[in-house]
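So the structure is just underneath, and the comments pick up after that.
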Amino acid sequence: MIDLVQLRREPEFVKASLARRGVSTLTMDEIEALDVEHRRLLQETESLRAEVNELSRQVGEAHRNKDVATAQELTAKSRVVGDLERQASEASESTGNALREMLLMIPNLPAPDVPDGLDDSDNVELRRWWVGMDEGLDAPTYADCQRVPHWETGAELGILDLESGAKLAGSMFPLLRGAGARLQRALGFFALDRHLDAYEEIQPPTLALTETMMSTGHLPKSVDDMYSIARDGLWAIPTAEVPLTSMRRGEILDEAELPIRLTAQTSCFRREAGAAGRDTRGLLRVHEFVKVELFNYCTPAQADAAFADVLARAEALLQALGLTYRVLLLCTGDLGTSSARTFDLEVFSPGVDRWLEVSSVSWFGDFQARRANVRFRTADGSIELVHTVNGSALAWPRIWAALVETYRQPDGSVILPDVLAPYMGGETTISTRPV
RNA sequence: GGAGGGAUGACAGAGCGGCCGAAUGUACCGGUCUUGAAAACCGGCGUGGGCUUGCCCACCGUGGGUUCAAAUCCCACUCCCUCCGCCA
């Protein structure tokens, strides 16, 4: 949620920032008007309530003095004022609700260095990395045997079974088997082990309350992209960011315990309602996938370092796996609702000949913390909202795809990078002939 | 799923419908005393909101209700504990 106090203090700046992301100034004018009206009604309500409180106090006093006549007179008076108070507070409440509903739909202010743009074509590529680049290799090259899409290799090797997944849950629910399943497990173990030097490992629930989904900004705005378990009032999480952000919801943290760094590998569920029919082949876009998430609660002063840390960890994994990737700075048009600044990491998939998003590293400022009401007490005793930072490291199905394509051999087998050997029982070759 | 008990400030723990935002203790912060520390004593010590910055309003698990007035009475729900049933 944006800061209403900031909107009052510097309305022009807030409106200009939001206009960059397509929020109409008229909408913001409406919010401002509602805010003014709400405060007017609030004052009216509170002064009437103060009057009722005072009259009630006098009633009590009269009773103690056995002054029945005065007590009755004051009770009658208080009843009248109480009716007025009820009317005022109903008006105030409905105005407040209208204001809150609008505010919940307003996205975060983009950071000043976020470029303007309409969609992903306006994102800015910051850098690329490929194996051999550090040794002077100008560009990665790919042999014909690497130009085979992972769904073909996956079927050939019996490690990706899209038909079975579709039979169980419908299309875009893949099923991994054998070495393919083990590869995804290996990736998760590999990544988590590398994060445990600084991050606490969490296994959160993968269903969440509406309130939990509100805190990160996934509801109400992105309701069509979420799976719901209506009967129990629960939602399937689209990312571990959802439970991790709410883990300390409503708490006042000690500055000394910040940054709090959490990591979790969970299933992530996405209806992909807006992307129906696009990029649906193989593992390019799926409804359920496994991802390791890195998360930080931090002070505003720590936010830059936290962001850099998450990004560095995601990049380090990609480099360790030997995958070509690029780093993008998202433009205003491609930024998620809650984010002030996001870097996307995309791996190159030689078999499909496309870049695939495998991580999104975001700084949310205090936007999510305001919704989740997570604050910290500074050394001098004042209380401030924390900042939240998170990023994937990494989302596995697309990494799986890039690995199977990048490491495909002329004989059709796949030889995985050595870093995964300890997690694959020492066996890095996947071939049709069982070993 | 069934039966019972509980939910109050950082923690423990009081609280006859009115003078209760809330006793008391611990913890914490400041001071006196002390060479220093401890002890003792004194003072402070929740969060949010509004505006006329001095006041007002809200908050005792959550939501509703009764009342001039609710931490206190009534209803529903949530969570925790104990027991029974079922079960990975």
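Chain letters run A, B, ... following the sequence lines, proteins first, then strands; residues in each count from 1.
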task = Would you please name every residue forming a side-chain contact (heavy atoms from CB on, under 4.5 Å) with A:S17, sequence neighbours left out?
result =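 Per chain and number, A:S17 pairs via side-chain contact (heavy atoms from CB on, under 4.5 Å) with A:F13, A:L109, A:P110.
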The answer to which of A:E51 and A:R377 contacts RNA chain B further toward the 5' end, by nearest nucleotide, is A:R377
Sorted by position of nearest nucleotide on RNA chain B, 5' first, the leading residue of A:E46 and A:R57 is A:R57
I'd like the [atom1] distance from [M] over to [N], given in whole Å.
N     : M     : atom1 : answer
B:A88 : B:G6  : P     : 34 Å
B:C87 : B:C81 : P     : 22 Å
B:C79 : B:C68 : C1'   : 35 Å

Identify whether the distance between the nearest side-chain nitrogen and carboxylate oxygen of [X] and [Y] falls below 4.0 Å.
X      : Y      : result
A:E255 : A:R375 : no
A:R408 : A:E156 : yes
A:R79  : A:D83  : no

Dot-bracket assigned to RNA chain B with the 3.5 Å Watson-Crick/G-U criterion, [ ] for crossing and | for other-strand pairs, is ((((((((.[[[..)..(.....]]].(((((.......))))).((((((..)))))).[[[[[..)....]]]]])))))))....
Anything under 30° is parallel, anything over 60° is perpendicular, the rest tilted; go ahead and classify A:H387 against A:W363.
tilted
**OP:** Name the nucleic acid region contacted by A:L55, choosing base, sugar-phosphate or nothing; use a 4.0 angstrom heavy-atom cut-off, strictly under.
**Re:** nothing
> Heavy atoms under 4.0 Å, any strand shown: does A:R375 hit a base, just sugar-phosphate, or nothing?
Replying inline: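 A:R375: backbone/sugar contact only, no base atoms under 4.0 Å.
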Note: contacts of residues 59-86 of chain A with RNA chain B (heavy atom, under 4.0 Å) are A:V59, A:G60, A:H63, A:R64, A:T75, A:S78, A:R79
Distance under 4.0 Å to a non-hydrogen atom of chain A counts as contact; along RNA chain B, which nucleotides mark the start and end?
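Span of nucleotides near chain A: B:G18 to B:A69.
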For residues 201-215 of chain A, dump all side-chain donor-acceptor pairs below 3.5 Å to protein atoms at least two apart in sequence or in another chain.
from   : atom 1 : to     : atom 2 : distance (Å)
A:T210 : OG1    : A:W235 : NE1    : 3.0
A:T212 : OG1    : A:R249 : NH1    : 3.2
A:S215 : OG     : A:E211 : O      : 3.1

Are A:Y325 and A:E346 close enough, and set up right, to give a side-chain hydrogen bond (donor to acceptor under 3.5 Å, both in side chains), and what steps lead you there? CA-CA 5 Å; A:Y325 69 89; A:E346 296 184 339; over 6 Å; no
Quick note, ring pair (Phe, Tyr, Trp, His ring centres under 6.0 Å) partners involving residues 161-188 of chain A, not counting sequence neighbours, are A:F173-A:H287
